[in-house]
Each structure stands twice: as C-alpha cells, then as structure tokens.
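Working notes, structure below.
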Amino acid sequence: MKDFLLVYNKLYNYYGAQGWWPINKNYSGKLRLNYGEKFEICLGAILTQNTSWTNVEKTLINLRKNNILNINKLRLIDINKLAELIKSSGYNNQKSKKIKQFIKFLDSDKEINRENLLDVWGIGKETADSILLYAYNKPYFVIDTYTRRIFSRLGFCDEKIDYDKLQDLFHSGLDKNFILFNEYHALVVEHAKVFCRKTPVCSSCPLNDFCEYYKDNCERLINK
DNA sequence: CGCCAGGGCCTCA
DNA sequence: TGAGGCCATGGC
C-alpha cells in the first residue's frame with residue numbers, strides 16, 4: 001500500500017511550510033483572500049502553463065507597474081496590447097486569449113466549479129485544479145509533470161499515468177483537506193526543483209530510503 | 001549554445 | 001484515447 005501521507009510528512013519535515021500561492025509575500029499562505037487576490041492567483045495559474053514561475057513574476061510585476069493587474073482593466077484592454085505586456089511569460093499570444101476567455105467566464109456568473117472551468121478555452125485540468133485549490137480553497141489535488149515524475153520514480157504509478165487516475169490516487173490516499181493539498185503540491189514542486197529534477201540528484205535526497213528509482217539505479221552503485 | 005520550465009489545444013489515426 | 005506538432009520567453 002502506497003503511503004501518500006508518509007511522503008508528505010517526509011517532505012514537510014525536510015523543506016518546511018512553503019506558504020503558497022507564491023505571488024506576493026504579503027498574502028502568500030493566507031486562507032481568506034479578497035477578490036483581487038483570487039483573480040491574481042487565477043492569472044498566475046494561466047500564465048505559468050509550461051512556464052517557469054520567474055518568468056510569470058516578471059509579467060505580474062509588469063502588469064502591476066502598468067496599473068492593469070485587475071479584472072476591470074484587463075477586461076477592457078486590447079488583446080494585442082495585452083499579449084505585448086505578458087510577453088515574458090511565453091506563449092503570449094495564446095495566453096492573452098486565455099485571459100480574455102477566463103474573464104468572459106467570470107463575467108458570465110456561472111458557478112466556479114471544475115466542470116465549468118474545463119469548458120473555458122485555455123483552462124485544462126491542472127489550471128482548473130490550481131484555481132480551485134489555491135484561489136477557492138477546494139480540495140482538488142494538483143497534478144503536474146513534477147508530480148508524475150516524483151511519484152513514478154518512487155514507484156507509486158507509471159510515468160505516463162492519466163491525470164485523473166493519479167489525482168484519484170491522491171484523493172483516496174489522503175484526507176480531502178485543502179490545506180493539506182495546498183502544502184503538499186507546493187512541496188512537490190520544491191522537491192522536483194531541488195532533488196527530483198529531470199536528471200535526479202539522488203545521493204542526498206530525503207526520500208531515497210524508499211524510492212524505487214533510487215533502489216534500481218543508485219543503491220547498487222553505492223553499496224558495491 | 002542546448003535544455004528546460006508548475007500545459008493545453010488541435011489534428012489525425 | 002493517444003501520439004505528435006504547435007505555441008515563446010528567459011535562466012542557467
């Protein structure tokens with residue numbers, strides 16, 4: 001039986017609390033967010049699609065500097081001008097359209113749930129779950145390439161496992177607690193950056209004592 | 001210089 | 001329903 005809580009505890013003991021969502025140190029980790037803060041998290045979730053957070057930060061700073069980091073300004077701005085302002089996040093012509101589509105969704109007053117979010121052009125499963133978890137405190141575990149990489153190496157799943165299937169493993173292996181999911185995903189991202197990189201740094205990894213990848217590829221070499 | 005970064009959509013079997 | 005192509009910038 002795979003113990004998702006054990007992995008969480010090991011990561012938490014090693015890295016400590018991460019204080020996500022990491023937009024702004026003044027309110028990262030806050031549980032009660034105002035409308036503007038929630039909107040900013042949604043924006044970040046779209047902008048960080050296949051993109052490093054450092055690039056997204058540049059964009060958010062640029063938007064704030066131009067005093068348009070709010071829904072009212074972004075609703076009115078020309079889409080091509082928006083694309084220019086978010087250039088540092090990459091895929092800017094797609095993402096400007098995604099932001100416009102997302103604002104149109106918010107303006108429609110439909111319920112903000114997973115099904116409706118997935119109907120919005122540009123919002124897939126990870127972005128939807130990030131929005132639900134980090135902006136709306138809903139217990140959806142966020143699956144990303146880091147999650148697949150770490151947990152397939154640990155031996156919990158196949159590397160190419162379907163999004164919903166891996167999410168189901170987390171949902172059935174943990175209490176459905178949004179604070180836990182929030183912290184856990186943040187720890188996964190940190191761990192993937194520090195040790196479980198594409199080319200992993202296994203020797204001093206805090207999880208290597210029960211990692212299948214480590215057992216198969218490292219232990220023999222070290223103990224020879 | 002090449003690689004990679006907290007995806008998602010479209011197309012084509 | 002799954003693989004492959006496409007989108008784009010910046011750090012290292």
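Residue numbers begin at 1 in each chain, while the letters A, B, ... track the order of the sequences. Basis for what follows: all heavy atoms, side chains included, without hydrogens, waters or symmetry-related copies.
- What separates CG of Leu85(A) from P of dA8(C) is a distance of 15 Å, to the nearest Å.
- Each of Val120(A) and Lys198(A) has a nearest nucleotide on DNA chain B; the 5'-most of these lies closest to Lys198(A).
- Atom CD in Gln49(A) sits about 16 Å away from atom P in dT9(C), given to the nearest Å.
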So which protein N/O to nucleotides 2-4 of chain C N/O distances come out below 3.5 Å?
none

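- The distance from atom CD1 of Ile143(A) to atom C1' of dG8(B) is 17 Å, rounded to the nearest whole Å.
- On the P atoms, dG10(C) is 22 Å away from dG8(B), given to the nearest whole Å.
- In this model, the phosphate group of dG11(C) is approached by a side-chain N or O of Lys58(A) to a distance below 4.0 Å at OP1 or OP2.
- Distances were taken from every side-chain heavy atom of Lys98(A) (C-beta onward) to each of dT9(C), dA5(B), dG7(B); the shortest belongs to dG7(B).
- Thr51(A) contributes atom OG1, which lies 12.0 Å from atom CD1 of Ile46(A) (distance to the nearest 0.5 angstrom).
- If you measure from atom CD of Gln101(A) to atom P of dG7(B), you get 21 Å, rounded to the nearest angstrom.
- One finds a side-chain N or O of Asn93(A) lying less than 4.0 angstrom from the OP1 or OP2 phosphate oxygen of dA8(C).
- Applying the side chain to side chain donor-acceptor pair (under 3.5 Å) test to Thr127(A) and every residue at least two apart in sequence or in another chain returns Gln49(A).
- Applying the side chain to side chain donor-acceptor pair (under 3.5 Å) criterion to Tyr15(A), with sequence neighbours excluded, gives His191(A).
- Using a 4.0 Å heavy-atom cutoff across all strands shown, Arg149(A) reaches sugar-phosphate atoms only and no base atom.
- Here the P atom of nucleotide dA8(C) and the NZ atom of Lys95(A) are 9 Å apart, to the nearest Å.
- Pairs of residues two or more places apart, or lying in two chains, that qualify as ring pair (Phe, Tyr, Trp, His ring centres under 6.0 Å) and include a residue from residues 151-170 of chain A are Phe4(A)-Phe151(A), Phe4(A)-Phe156(A), Phe4(A)-Phe170(A), Phe141(A)-Phe170(A), Phe151(A)-Phe156(A), Phe151(A)-Phe170(A), Phe170(A)-Tyr184(A).
- Using the six-membered ring where Trp is involved, His171(A) and Phe181(A) have ring planes that are parallel, under 30° apart on the 30 and 60° scheme.
- Residue contacts for Ile123(A): at a heavy-atom cut-off of 4.0 Å it reaches the sugar-phosphate backbone alone, with no base atom in range.
- Applying the salt bridge (charged side-chain N to carboxylate O under 4.0 Å, His left out) rule to Lys125(A) yields the partners Asp164(A); only residues at least two apart in sequence or on another chain are considered.
- Note on residues 175-194 of chain A: no pairs pass salt bridge (Lys or Arg N to Asp or Glu O under 4.0 Å), not counting sequence neighbours.
- Separating the CZ atom of Arg197(A) from the P atom of dC3(B) is a distance of 16 Å, rounded to the nearest angstrom.
- Side-chain atoms of Tyr213(A) and Asn208(A), non-hydrogen and from C-beta on, never get closer than 4.5 Å to each other.
- Partners of Asn92(A) under the side chain to side chain donor-acceptor pair (under 3.5 Å) rule, at least two apart in sequence or in another chain, do not exist in this structure.
- Counting non-hydrogen atoms under 4.0 angstrom, Asn92(A) reaches the backbone sugars and phosphates but no base.
- Among the atoms of the strands shown, base atoms are found under 4.0 Å from some heavy atom of Gln94(A).
- Look at OH on Tyr91(A): it is 12 Å from C1' on dC9(B), rounded to the nearest Å.
- Side-chain nitrogen and oxygen atoms of Thr127(A) include at least one within less than 4.0 Å of the OP1 or OP2 phosphate oxygen of dG8(B).
- Considering only residues two or more places apart in sequence or on other chains, Gln167(A) meets the side chain to side chain donor-acceptor pair (under 3.5 Å) condition with Asp129(A).
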Practice task
Starting at the 5' end of DNA chain C, write a dot or bracket for each base, bracketing those in Watson-Crick or G-U wobble pairs whose two distances are under 3.5 Å and using | for partners on another strand.
Solution key: |||||||.||||

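- In this structure, CG of Asn50(A) is placed 11 Å from C1' of dT9(C), rounded to the nearest angstrom.
- Counting any heavy atom pair closer than 4.0 Å across all strands shown, Gly90(A) reaches a base atom.
- Residue pairs meeting the salt bridge (Lys or Arg N to Asp or Glu O under 4.0 Å) criterion with at least one member in residues 74-85 of chain A, sequence neighbours excluded, are Arg75(A)-Asp107(A), Glu84(A)-Lys87(A).
- The salt bridge (charged side-chain N to carboxylate O under 4.0 Å, His left out) test applied to Lys10(A) returns Asp209(A), not counting sequence neighbours.
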Scan nucleotides 10-13 of chain B against the protein and return all N/O pairs shorter than 3.5 Å with their distances rounded to 0.1 Å.
unit_1	atom_1	unit_2	atom_2	d
dC10(B)	OP1	Trp121(A)	NE1	3.4

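- Between Thr145(A) and the phosphate of dG7(B), there is a side-chain N or O to OP1/OP2 separation shorter than 4.0 Å.
- Checking Asn62(A) against Asn66(A) by side-chain atom types alone, a donor-acceptor pair falls below 3.5 Å.
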